[in-house]
Engineer: 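Structure in structure tokens, see below.
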Amino acid sequence: MSKGNGDLVQLTGKDFKSDQEVRWCPGCGDYAILNVVQGFMPELGLSRERLVFVSGIGCAARLPYYMQTYGMHSIHGRAPAIATGLAVTRPDLSVWVVTGDGDALSIGGNHLIHALRRNVNLKILLFNNRIYGLTKGQYSPTSELGKVTKSTPMGSLDYPFNPLSIAIGAEASFVARAIDTDKKGLTEVLGAAARHRGAAFVEILQNCNIYNDGAFDYVRDDKENRIYLESGERIRFGAEGEKGVVQYADGSLKIVDVEEAGENSLLVHDASHMQASLAFALSRITFETDGAVPLGVFRSLEREVYDDLMNDQLDAAREQSGEGDLATLLHTGDTWTVA
Amino acid sequence: MSKGNGDLVQLTGKDFKSDQEVRWCPGCGDYAILNVVQGFMPELGLSRERLVFVSGIGCAARLPYYMQTYGMHSIHGRAPAIATGLAVTRPDLSVWVVTGDGDALSIGGNHLIHALRRNVNLKILLFNNRIYGLTKGQYSPTSELGKVTKSTPMGSLDYPFNPLSIAIGAEASFVARAIDTDKKGLTEVLGAAARHRGAAFVEILQNCNIYNDGAFDYVRDDKENRIYLESGERIRFGAEGEKGVVQYADGSLKIVDVEEAGENSLLVHDASHMQASLAFALSRITFETDGAVPLGVFRSLEREVYDDLMNDQLDAAREQSGEGDLATLLHTGDTWTVA
Amino acid sequence: MAKVKPVEHLERVVIRFAGDSGDGMQLTGDRFTSETAAFGNDLATLPDFPAEIRAPAGSLPGVSGFQVHFADHDILTPGDQPSVLVAMNPAALKVNVGDLAKGGTIIVNTDAFNDRNLQKAGYASNPIADGLLSDFHVHEVALSSMTVEALKDVDGITSREAERSKNFFALGLMSWLYNRPAEGTLAFIESKFAGRPEIAEANTKAFKAGWNYGETSEDFAVSYEIAPARLEPGTYRQISGNTALTYGLVAASKLSGLPLFLGAYPITPASDVLEQLAQLKQFGVRTFQAEDEIAAAGAALGASFGGALGVTTSAGPGVVLKSETVGLAVALELPLVIVDVQRAGPSTGMPTKPEQGDLLMVMFGRNSFSPVPVVAAATPAGCFHAAIEAARIAIKYRTPVYLLSDAYLANGSEPWLIPDLSTLPDISTEFATGPNGDDGSFLPYKRDPETLARPWAIPGTPGLEHRIGGLEKENETGNISYDPENHDLMVQLRAAKIAGIAADIPLLELDDPDGADTLVLGWGSTYGAIGAAARRVRAGGRKVATAHLRHLNPFPSNTGDVVRAYDKILVPEINLGQLRMLIRAEYLVDAVGYNKVRGRPFLAAELADAITTLVDR
Amino acid sequence: MAKVKPVEHLERVVIRFAGDSGDGMQLTGDRFTSETAAFGNDLATLPDFPAEIRAPAGSLPGVSGFQVHFADHDILTPGDQPSVLVAMNPAALKVNVGDLAKGGTIIVNTDAFNDRNLQKAGYASNPIADGLLSDFHVHEVALSSMTVEALKDVDGITSREAERSKNFFALGLMSWLYNRPAEGTLAFIESKFAGRPEIAEANTKAFKAGWNYGETSEDFAVSYEIAPARLEPGTYRQISGNTALTYGLVAASKLSGLPLFLGAYPITPASDVLEQLAQLKQFGVRTFQAEDEIAAAGAALGASFGGALGVTTSAGPGVVLKSETVGLAVALELPLVIVDVQRAGPSTGMPTKPEQGDLLMVMFGRNSFSPVPVVAAATPAGCFHAAIEAARIAIKYRTPVYLLSDAYLANGSEPWLIPDLSTLPDISTEFATGPNGDDGSFLPYKRDPETLARPWAIPGTPGLEHRIGGLEKENETGNISYDPENHDLMVQLRAAKIAGIAADIPLLELDDPDGADTLVLGWGSTYGAIGAAARRVRAGGRKVATAHLRHLNPFPSNTGDVVRAYDKILVPEINLGQLRMLIRAEYLVDAVGYNKVRGRPFLAAELADAITTLVDR
Ligand SMILES: Cc1ncc(C[n+]2csc(CCOP(=O)(O)OP(=O)(O)O)c2C)c(N)n1
Ligand SMILES: Cc1ncc(C[n+]2csc(CCOP(=O)(O)OP(=O)(O)O)c2C)c(N)n1
Ligand code: SF4
Ligand code: SF4
Ligand SMILES: [Mg+2]
Ligand SMILES: [Mg+2]
């Protein structure tokens with residue numbers, strides 16, 4: 001199959017704009033993400049034909065139409081499964097999944113967690129606006145308890161998923177979070193995801209200004225509530241880095257005043273820790289419980305990649321038995337000849 | 001609706017045996033579980049008509065046929081969804097879901113995680129034999145990597161789920177583990193699950209002696225590898241309680257020699273800790289990584305229950321607007337009269 | 001508000017309001033419709049939203065339309081061609097002008113015809129100026145600027161907010177032009193914007209300004225009156241299909257005495273049934289927004305097992321996912337109502353557009369033989385009775401039932417004579433309370449000899465503990481059985497149960513005033529267009545009979561007699577011939593189709609042509 | 001092994017081996033079949049396993065059976081009634097004796113007829129002793145004890161293990177009785193138990209002991225010979241439907257040059273296609289055991305998007321879940337083969353039993369109009385060519401294709417003349433490599449004028465970057481379009497593309513040697529039974545024509561001519577009349593059905609009766 005012939009051509013973000021008019025609501029956070037994604041693409045160093053964006057259904061899922069790459073706008077929730085088939089048969093491609101909180105965590109929850117545990121070489125971008133945008137404003141599995149929406153006039157009753165917790169619980173090897181409007185943070189996370197071989201799960205906090213405006217203002221606007229995680233560094237944040245994260249004997253994490261607690265008591269982030277517990281504990285730090293939100297790469301662990309293993313087995317089988325021969329196959333077992 | 005009229009009758013395990021011949025393979029761990037479940041039922045103090053067992057498809061899922069209660073043997077993977085509809089409309093019933101590792105975590109993964117996050121008042125028993133029994137021996141989502149089965153002659157490629165980790169990642173409010181043949185441990189866990197209002201998730205390690213014999217011998221046979229968790233107690237185990245669990249500064253857990261490490265360094269179990277991180281960390285202790293397996297209740301946290309919240313909203317609505325009147329409803333909005 | 005200009009009388013008018021998604025055209029249309037209903041005309045409406053939430057302002061995909069047809073006599077459709085188009089911007093003009101009848105009237109908001117908007121709409125020059133509209137009667141109205149001007153004294157609003165009231169200006173103008181009663185709208189504004197009095201004031205002022213503009217401007221020489229229609233006496237309201245369906249489900253719950261449980265996953269154009277039912281918790285209605293359509297159907301089935309009226313609602317791409325669960329319901333023989341608000345496909349298709357594409361799916365879309373009754377609504381208001389009928393069959397026969405609506409019925413509306421509750425059917429049932437076996441045992445699959453329904457023994461009933469499942473069951477006992485003859489028997493029993501419903505539904509009504517030799521047979525939302533077409537054909541001196549199926553499985557017992565009585569049968573469908581196939585297979589009649597699949601209802605005119613051609617053949 | 005007893009000649013024999021699930025009956029049957037095949041008889045087999053993995057030993061549900069029909073002439077079915085029954089225990093006798101032809105032979109393992117086993121089988125007294133079997137010729141053989149005795153010198157096995165070899169004793173006896181060549185089985189034992197030489201020795205000894213018992217025991221006075229059948233020259237093997245299907249898929253991959261990707265989720269009776277393909281990685285075959293059927297189909301479609309031959313396999317309850325994804329494949333116009341190994345339903349039904357219940361589901365089970373070609377295999381070996389044909393159509397027309405098999409074809413087997421590879425069709429295709437638009441642009445929905453297929457431009461191809469999706473597409477460009485006329489056009493184009501395949505498939509073959517006025521029209525696995533029935537009817541002096549459809553959508557172009565040429569048409573189906581409905585609707589012929597839904601194939605005799613009745617009517 002074609003490996004593309006333009007790997008070395010120097011592309012810019014503009015080269016990744018398709019000729020389709022972008023049709024999100026004015027002011028939607030999806031525009032910012034699209035810009036960052038297009039701007040980031042040249043960093044991959046791949047020619048456009050090597051890139052594929054696969055999406056489900058939702059506002060977020062429209063993104064592939066706007067990318068001058070190969071793309072499929074599939075059906076609701078199934079993008080991870082479809083992308084898995086593509087990725088394992090075409091290791092030469094860079095396959096990106098674009099999905100929303102409903103698409104990925106409601107109808108598509110099962111495909112997502114299985115793609116993660118398999119560690120298929122997919123880059124999964126979940127645009128979390130904590131609402132169903134495309135269907136005009138019902139609550140989603142990430143909407144906060146008690147949320148009043150079109151389908152929950154007296155408030156929603158279901159405790160929300162924490163996308164990162166469920167991803168880590170599903171054995172994800174790479175888990176990160178960024179904000180739609182935070183170009184630098186998002187670009188960095190996209191870079192780390194792209195470099196990670198295996199399934200990379202990225203939650204992007206995205207503002208839906210029509211149906212859930214301001215859902216993330218506490219961290220989108222209030223930068224001092226952003227906890228940027230850096231592997232190997234002590235976890236601190238705040239306008240002046242005056243706050244930090246410590247771990248107690250019972251394993252729980254807590255936000256502290258650095259001056260009071262002492263810098264050395266702060267937890268050191270280690271995204272590649274063998275045990276997933278640390279990343280999980282960090283995923284439990286939320287604005288609701290702690291007034292701050294960790295961003296960046298929570299977990300990035302090298303693990304065997306499904307697609308590679310599958311292709312290795314094909315090679316091994318050929319080595320063992322030689323390239324399959326159809327005539328031999330048809331003749332396996334007892335045969336007899338009629339003259 | 002009938003609330004049953006025999007709540008106070010003293011029943012025994014035998015009263016819960018149906019007239020159907022039990023048809024698992026001789027030696028299957030399911031027999032042991034069935035016995036314990038039947039033996040436990042009287043402890044609920046409910047008459048038989050108040051109990052419902054809902055299952056999907058698989059060997060495990062045959063259990064409802066053997067229970068002299070109401071029951072539904074539904075379709076593959078969907079039992080949590082079906083049971084949700086039943087539980088929220090019939091708070092007077094005690095609804096149990098019986099499922100296998102394939103049923104619950106493969107095809108039914110999405111329904112399971114959503115039932116858990118919603119905290120529907122269901123008792124979910126997952127018989128984990130790390131294999132597909134009913135379809136004769138393909139690997140399951142809990143089979144270890146590299147497992148040779150009918151569908152993976154060169155070994156499976158997908159990293160397995162840890163059922164408890166995914167449950168905790170999915171915001172489960174109650175998570176526990178027991179062994180098919182450990183009557184005492186299993187009975188205790190069933191009791192705790194029954195007492196927990198909300199979704200209770202119980203993994204039962206079950207031996208499939210036909211397709212995956214001995215999968216749990218390291219803890220089914222080797223009792224010294226069982227770590228029985230007791231809330232409020234330091235975590236120790238071994239033939240003489242000589243081993244224990246400590247937590248390091250980076251949040252990771254480790255098995256230690258109690259004498260060496262000192263008893264006071266051992267982690268104290270707290271199943272009802274607000275933060276899920278501790279239970280998650282405990283779920284990562286496995287035989288493969290640590291040579292021992294925690295059993296009992298990992299997590300048991302009171303949280304609002306979906307069914308209760310729904311029924312409360314109905315009450316509140318009636319309080320606000322009075323019992324709905326159909327004629328009034330039909331006349332809402334502008335009306336006009338033609339004479 | 002008083003009038004001085006002359007008034008002309010008309011029999012019927014079709015107006016289409018069109019503008020940007022943000023221009024409030026749906027609200028404008030709704031209000032105009034309410035005024036019209038209150039005035040006593042018969043009417044039918046057809047909203048037409050864009051698929052995008054908010055496509056870019058001024059763009060062609062962003063155009064939102066609302067058509068209302070009203071008359072002094074009873075009418076059947078929202079009208080083939082608007083006689084009046086209100087175009088709020090160039091894109092709205094571009095998208096809609098082609099549908100306008102020659103000689104029709106256009107009211108344009110000239111303020112919006114600036115270069116930028118013209119370009120977005122793809123106009124090289126201004127169509128108002130360049131003669132493109134010479135076939136029409138054009139009123140150029142500076143809607144935006146006049147609105148802003150009219151509101152300059154309203155405190156607390158910006159000029160952008162003022163400009164937003166222009167739809168009320170347009171509504172005022174149209175209300176004047178067609179002599180609609182204004183009180184309802186003024187009261188509506190008060191209550192709707194009670195929380196923001198400055199907006200209420202702005203909209204009221206805009207409305208009045210529009211009205212007065214009509215009265216004063218020389219551009220409008222006359223206004224029109226359309227006399228009230230002679231409708232059956234009683235209390236009316238306007239109702240859309242989705243609301244009627246919602247009410248029908250609630251009524252079914254009341255009439256059956258079973259609590260309503262809705263399992264649903266949002267999807268266009270079915271979501272608002274979920275949303276409306278969610279507001280009716282005082283009726284004991286439980287709405288469960290599930291993780292997907294499979295869970296939605298499963299939960300509804302679980303609720304039915306427990307004795308509730310389990311309902312699940314979706315559109316085609318979601319209904320298809322429920323098929324396995326419906327198959328289980330067939331095996332379990334439990335009530336379940338599956339609502340399919342059809343939309344254009346295949347796959348995601350055109351989510352906001354109607355189609356009749358799912359009939360064969362709901363008939364046959366399950367593994368193996370699993371017969372399911374199918375009920376289809378024919379008009380927006382008809383969704384009310386269709387929902388009750390679907391529930392009745394589901395409850396009485398312990399079976400899943402599909403209820404078909406579509407995007408056109410869902411959003412279209414018409415006046416509805418609110419039924420007297422005492423005229424609604426009793427659809428209550430009895431749960432099993434004790435053993436039914438000769439030996440005192442409980443036999444969950446022992447059937448009622450008449451209906452062939454099995455007992456519904458709900459958990460909580462002492463002594464009737466039993467297990468049901470998807471494996472084949474032994475007749476009567478319900479125990480798992482692989483016996484070959486038993487399986488054949490159960491297959492036959494399941495078939496006979498559903499086929500037997502034919503004796504319990506109304507006969508197919510035939511409308512054949514003149515003794516025609518051509519029959520037009522329809523189902524679903526084509527009812528109005530077929531009826532209107534038949535009127536035209538008859539008015540043209542030809543004979544044609546019509547009949548409309550509301551039960552698609554089983555067919556009414558006289559269907560064969562009806563269709564065999566005609567030489568020629570036309571089955572118009574917004575698909576490639578699904579009912580036609582069923583009729584041909586069942587009755588071996590050479591039914592032909594009229595099939596256009598454009599994501600919109602048929603025009604009466606095209607159907608009339610098709611009928612005429614066939615009649616004359 | 002030499003023979004001294006007299007040998008009688010027979011034309012055909014039907015033997016059924018029956019025993020407990022643990023008794024190795026499938027293996028015994030398989031070996032006997034292999035010997036028979038090697039000997040050169042024509043044959044057909046019908047395994048019949050219990051649904052439970054290991055139902056309790058000795059119980060009725062635990063009985064496992066294997067029927068083999070072999071003859072000196074070509075045969076079409078595994079036989080209506082066994083002439084010989086080997087019953088390893090009372091339960092096996094009880095379950096099977098009713099099927100045996102009167103005067104047939106029964107060989108019973110008397111050792112197993114103890115009180116406990118008799119009771120488990122529900123026998124009040126021993127049927128061997130009490131005259132219940134007086135209609136049959138019974139051989140009482142102490143199979144277990146003789147086996148144990150024969151193996152007493154084998155080192156390293158327990159007496160329980162020795163007893164387990166009794167199936168080889170039985171096989172040896174039957175091989176002697178029917179003069180089967182023993183070499184194949186002896187070689188098989190050596191290789192199969194190479195890792196456990198003591199077991200190999202035990203089985204070999206048991207086999208020989210059985211053979212020698214036949215030769216020595218006075219109970220067996222004669223042995224039988226069935227001369228080899230005159231088959232077409234060439235190299236043969238025995239093949240089951242699932243294996244043939246597996247090979248067909250691999251062949252399709254080779255013939256097309258596209259790597260095979262299988263997405264599957266285990267389900268009876270389709271699982272072993274997954275399992276067999278998983279063993280063929282040296283053919284570049286990728287097997288993906290998905291989390292569910294939806295993901296399995298989705299992944300296969302994703303693989304097709306990337307240029308692979310995407311295939312997904314399942315049975316009815318799993319195929320129904322794939323419908324939404326198949327609808328997407330229709331919209332995307334990408335190749336996809338969906339294999340449905342049908343089983344008895346509805347819902348979970350009877351998982352191990354065959355049925356033809358899914359035809360209408362695969363035809364119509366998707367939302368909106370989404371036509372999909374359907375290919376059905378007629379015989380076990382025929383699954384090979386059916387798989388290639390399904391892939392051919394999928395690839396050439398860029399469309400999903402359903403391939404129907406069933407539980408009977410899947411597990412049944414027959415001799416197969418291994419095809420010369422050079423006779424297999426070239427099904428290769430070309431990916432798009434450059435622009436196809438007049439202006440140098442790439443138009444992903446610009447169709448080949450002949451096939452109406454769109455270009456398949458796979459990722460990795462420079463310059464052809466494009467996006468496809470489930471929303472309606474503008475003709476040629478593939479851009480999202482809500483234009484009404486475009487939608488109608490696309491609906492028509494999708495219909496025309498599939499309908500046009502009729503010109504590219506073989507005509508329906510008619511077998512009408514005598515000029516009959518009655519036609520029997522079949523599809524799928526009833527082929528053998530219909531053929532055998534027609535032979536009987538003709539042998540009885542009546543005229544009947546037969547035709548068998550291998551393409552169900554579209555039908556071969558001459559189907560109308562064929563069916564219209566007959567006064568009477570019988571459509572036998574293991575369902576309640578699915579093909580019949582399609583034929584009636586399409587051709588308006590009064591086809592009648594013969595429908596029994598018992599989870600097992602038709603008997604030739606019952607079909608012959610049904611045909612006779614119709615011919616004589
Ligand atoms: C099978 C199916 N069910 C439901 C829908 C309707 N639907 C489309 S998008 C969507 C949810 C969108 O929410 P999310 O994934 O959060 O994306 P957003 O629009 O918020 O970006 C739903 C319910 C569908 N298209 N298909
Ligand atoms: C929709 C559907 N897909 C597949 C199957 C086949 N099937 C039945 S049970 C099962 C898996 C059983 O595994 P598990 O849940 O682990 O239960 P166990 O038999 O091991 O107890 C499968 C794949 C089915 N019945 N329905
Ligand atoms: S509805 Fe929300 S998410 Fe969708 S495009 Fe509009 S602002 Fe964005
Ligand atoms: S296959 Fe395994 S799980 Fe199933 S009944 Fe047999 S031993 Fe038990
Ligand atoms: Mg969202
Ligand atoms: Mg299992």
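Computed over heavy atoms, backbone and side chain alike; hydrogens, waters and symmetry mates excluded.
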Engineer: Which answer fits C/Ala290, side chain, backbone, both or neither, if we ask what part of it has an atom under 4.5 Å from a heavy atom of chain A?
Structural biologist: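 Only the backbone of C/Ala290 comes within 4.5 Å of chain A.
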Engineer: Name all residues meeting the side-chain hydrogen bond (donor to acceptor under 3.5 Å, both in side chains) criterion together with C/Gln276; count only those two or more places apart in sequence or in a different chain, and write none if there are none.
Structural biologist: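 side-chain hydrogen bond (donor to acceptor under 3.5 Å, both in side chains) list for C/Gln276, sorted by chain: C/Thr243.
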Engineer: Rounded to the nearest 0.5 Å, what separates atom CG in A/Leu157 from atom CZ in C/Phe288?
Structural biologist: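 Rounded to the nearest 0.5 Å, the CG-CZ separation comes out at 10.5 Å.
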Engineer: Count the heavy-atom pairs under 4.5 Å between each of C/Pro317, C/Gly318, C/Pro351, C/Pro266 and chain A, then report the option with the highest count.
Structural biologist: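 Among C/Pro317, C/Gly318, C/Pro351, C/Pro266, the one with the most close pairs to chain A is C/Pro266.
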Engineer: Under 4.5 Å from any heavy atom of chain C, what part of A/Ser74 do you find: side chain, backbone, both or neither?
Structural biologist: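 Contact with chain C involves the backbone of A/Ser74 alone.
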Engineer: For C/Ala278 and A/Pro153, which heavy atoms make the closest approach, and how far apart are they?
Structural biologist: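 Between these two residues, the closest heavy atoms are O-CG, 3.4 Å.
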Engineer: OG/C/Ser271 to NZ/A/Lys150 distance, rounded to the nearest 0.5 angstrom?
Structural biologist: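 C/Ser271 OG to A/Lys150 NZ: 8.0 Å, rounded to 0.5 Å.
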Engineer: So does C/Asp115 have more than 12 non-hydrogen atoms from other groups sitting under 6.0 Å from CG?
Structural biologist: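 Result for CG/C/Asp115: open.
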Engineer: Please report the closest heavy-atom contact between C/Thr348 and A/Ile57, naming both atoms and the distance.
Structural biologist: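 Looking at all heavy atoms of both residues, the shortest contact is OG1-CD1, 3.5 Å.
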Engineer: How many angstroms lie between atom CG of C/Asp272 and atom OG of A/Ser151, to the nearest 0.5 angstrom?
Structural biologist: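 Reported to 0.5 Å precision, the distance equals 11.5 Å.
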Engineer: Which pairs, with at least one residue in residues 289-301 of chain C and sequence neighbours excluded, count as a salt bridge (Lys or Arg N to Asp or Glu O under 4.0 Å)?
Structural biologist: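 Listed by first then second residue: B/Arg118-C/Glu291.
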Engineer: Nearest 0.5 Å please: distance from the CD atom of A/Gln138 over to the OH atom of C/Tyr265.
Structural biologist: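 Between A/Gln138 CD and C/Tyr265 OH, I get 9.0 Å after rounding to 0.5 Å.
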Engineer: Going by heavy atoms in the side chains, are C/Leu321 and A/Ile107 under 4.5 Å from each other?
Structural biologist: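 Heavy-atom side-chain distance check passes, below 4.5 Å.
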Engineer: Can you establish whether the number of heavy atoms outside A/Lys17 located under 6.0 Å from its atom NZ is more than 12?
Structural biologist: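 Result for NZ/A/Lys17: enclosed.
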Engineer: Kindly compute the distance separating CD (C/Gln279) from OG1 (A/Thr152), expressed to the nearest 0.5 Å.
Structural biologist: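 Going from CD on C/Gln279 over to OG1 on A/Thr152, the span is 10.0 Å.
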Engineer: For A/Cys28, is it the side chain, the backbone, both, or neither that has a heavy atom closer than 4.5 Å to a heavy atom of chain C?
Structural biologist: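 Interface part for A/Cys28: neither.
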Engineer: Can a donor-acceptor pair be found, under 3.5 Å and without considering hydrogens, that links the side chain of C/Gln289 to the backbone of A/Tyr139?
Structural biologist: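 Answer holds: yes.
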Engineer: Between atom NE2 of A/His73 and atom OG of C/Ser347, what is the distance when rounded to the nearest 0.5 Å?
Structural biologist: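 OG of C/Ser347 is found 9.5 Å from NE2 of A/His73.
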Engineer: Report, as yes or no, whether the 6.0 Å neighbourhood of atom CD on C/Gln119 holds more than 12 heavy atoms from other residues, nucleotides or ligands.
Structural biologist: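 Not more than 12 within 6.0 Å, no.
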